[in-house]
Amino acid sequence: MKLTYRVEEDARLGSLLWEFGPGWRMISSAMLGGGIGTRAWVLNAQVVAGYARMDPAEHLRSLGPPGDGVGMMTAASVDRYTRAADGGVEAVATVGLRVPTWAAAPEGTEDPELAPMRVGTVNIVTVLPVAMTDAALVNTVMTVTEAKTQALIEAGFPCTGTASDAVCVVVPADVPAGGPREVFGGPRSEWGARVARAVHQAVLSGAEAWCRHHSK
C-alpha cells in the first residue's frame with residue numbers, strides 16, 4: 001500500500017494505492033471496478049468536501065494505474081487510515097463520521113451527507129490469502145459490514161455507517177495445487193471470523209481517532 005498526495009481545487013488530497021498485479025479477484029461496491037472480477041489494483045482517493053463532479057468513475061480511472069482496478073473515494077483524510085491484521089487477513093479503513101446514518105430511515109428523511117459529498121464515508125479494503133467462491137465473497141462483504149457496524153456502535157456512534165460507505169475484498173484468483181475454494185465467509189467460519197476481527201479493530205481504531213481529531 002502506498003500513500004501519495006496531489007493538489008485539486010487548491011486542496012492537498014491523499015490517495016492510498018494497492019498494486020496487487022495479476023492473479024487477484026475482488027468484490028467491491030465501488031463506482032469504478034465494482035462487482036466481482038479480476039482486478040490488479042485498488043485506489044482509495046480523497047476528494048474535496050462538497051465534491052460535485054458528475055464523472056466520478058472517469059475521475060478515479062485518471063488517478064489510478066493502467067489496467068483494471070477498483071476505485072473508491074472519500075472526503076475523509078485518507079492519511080489517517082487505520083489497519084489491523086488477524087491470522088493472515090489484513091483490513092485497512094479510512095473513517096469519516098460527520099454524518100453517521102442508520103441504514104433503515106423513514107421515507108423522505110433528509111440526509112445531509114448525500115451529494116454534494118461532505119466529510120464522511122467509511123471505506124474498507126480487506127485482503128485474504130485464500131481463494132473464495134462468488135458466494136463466499138458475498139458472504140465476506142456481509143461480514144465486513146457487520147463488523148464495521150459493531151465497531152461504530154461500540155465507539156459510541158448510533159449508526160450502521162454512513163450513506164456513502166464502500167468496501168473491497170481482495171483474494172487470490174487461483175487455488176494452489178488445484179485445491180477447493182473457500183465456500184464460507186460468515187463471521188463464524190474460519191476466514192470470516194478473521195475478517196470480522198481485523199475489520200472490527202481497524203474501524204474501531206479509526207472511529208476513536210476520528211473522535212479525538214474532531215474534539216480538538
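Worth saying up front: this structure is predicted, and the values here are computed from it rather than measured.
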>> Minimum heavy-atom separation for V42 and C168, please, with both atom names.
In response: CG2-SG, 3.9 Å
> Does M73 belong to the same Ile/Leu/Val/Met/Phe/Trp/Tyr cluster as L32, with side-chain heavy atoms less than 4.5 Å apart forming each link?
Replying inline: yes
>> Can you confirm whether F184 is buried at CZ, in the sense that more than 12 heavy atoms of other residues, nucleotides or ligands lie under 6.0 Å from that atom?
In response: no
> Closest heavy-atom contact between A147 and A196?
Replying inline: CB-O, 3.5 Å
> So how far is it from L60 CG to D55 CG, rounded to the nearest 0.5 Å?
Replying inline: 9.5 Å
> How far does CZ of R39 sit from OG of S28, to the nearest 0.5 angstrom?
Replying inline: 8.5 Å
> Tell me, do L17 and P65 make a side-chain contact under 4.5 Å, heavy atoms counted?
Replying inline: yes
> Hey, does L63 have a side-chain heavy atom less than 4.5 Å from the side chain of R6?
Replying inline: yes
>> Taking the side chain as everything from C-beta on, heavy atoms only, tell me whether R25 gets closer than 4.5 Å to D134.
In response: yes
>> Does the plane of the ring in W210 sit parallel, tilted or perpendicular to the ring in F157? Use 30° and 60° as the thresholds.
In response: perpendicular
>> Working to the nearest 0.5 angstrom, can you tell me the gap between Y5 OH and L13 CG?
In response: 10.5 Å
> Just how far is it from atom SG of C159 to atom CD1 of I153, taken to the nearest 0.5 Å?
Replying inline: 7.0 Å
> Short question: side chain of T82, backbone of A202 - any donor-acceptor pair under 3.5 Å?
Replying inline: yes
>> Once rounded to the nearest 0.5 Å, what's the spacing between atom CH2 of W18 and atom CE of M1?
In response: 5.5 Å
> Cut-off 3.5 Å, side chains only: do N44 and T94 have a donor facing an acceptor?
Replying inline: yes
> Do S205 and Q201 have side-chain atoms, one donor and one acceptor, less than 3.5 Å apart?
Replying inline: yes
> Less than 4.5 Å apart, any side-chain heavy atom of T140 and any of W191?
Replying inline: no
> What do the steps show when you test L3 against D79 for side-chain contact (heavy atoms from CB on, under 4.5 Å), and what is the final call?
Replying inline: CA-CA 7 Å; L3 172 64; D79 54 8; 3.8 Å; yes
> Can you tell me if S77 uses its side chain to pair, donor with acceptor, with the backbone of R80 under 3.5 Å?
Replying inline: no
> Between T160 and T149, does any side-chain donor sit less than 3.5 Å from a side-chain acceptor?
Replying inline: no
>> For a quick test of reading the model, state the closest non-hydrogen atom pair linking A11 to V48 and the distance between them.
In response: CB-CG1, 3.9 Å
> How far apart are the closest heavy atoms of K148 and V199, and which atoms are they?
Replying inline: N-CG1, 4.0 Å
> For the residue pair A163 and T101, what are the closest heavy atoms and their distance?
Replying inline: N-OG1, 4.0 Å
> Which pair of non-hydrogen atoms, one from S164 and one from T121, has the smallest distance, and what is that distance?
Replying inline: OG-OG1, 2.7 Å
>> Please tell me whether L137 and V70 are part of a single hydrophobic cluster in this structure, the criterion being side-chain heavy atoms less than 4.5 Å apart.
In response: no
> Any donor and acceptor pair, going by atom type alone, linking the side chain of S29 with main-chain N or O of V167 inside 3.5 Å?
Replying inline: yes
Name the atoms and distances for all side-chain donor-acceptor pairs under 3.5 Å in residues 173-181, with sequence neighbours left out.
{"unit_1": "R181", "atom_1": "NH1", "unit_2": "A173", "atom_2": "O", "d": "3.0"}
{"unit_1": "R181", "atom_1": "NH2", "unit_2": "A173", "atom_2": "O", "d": "2.9"}

> Do V195 and V169 share a hydrophobic cluster (ILVMFWY, side-chain heavy atoms under 4.5 Å, transitive)?
Replying inline: yes
> Any sub-3.5 Å donor-acceptor pair from D165's side-chain atoms to V122's backbone N or O?
Replying inline: yes
>> If hydrophobic clusters are built from ILVMFWY residues whose side chains come within less than 4.5 Å, do V144 and I27 share one?
In response: yes
> Taking side chain as C-beta onward, heavy atoms only, is L97 less than 4.5 Å from T162?
Replying inline: yes
> Can you check side-chain contact (heavy atoms from CB on, under 4.5 Å) on V47 and R53, steps first, answer last?
Replying inline: CA-CA 10 Å; V47 297; R53 287 184 58 158; over 6 Å; no
>> Which residues pass the side chain to side chain contact (heavy atoms under 4.5 Å, CB included) test with T4, not counting sequence neighbours?
In response: K2, S15
> Does M72 share a hydrophobic cluster with V170, counting links as ILVMFWY side-chain heavy atoms below 4.5 Å and allowing steps through other members?
Replying inline: yes
>> Please check this pair: side chain of R194 against backbone of G87, looking for a donor-acceptor N/O pair closer than 3.5 Å.
In response: yes
>> Please report the interatomic distance OG1(T74) to CD(Q46), rounded to the nearest 0.5 Å.
In response: 7.5 Å
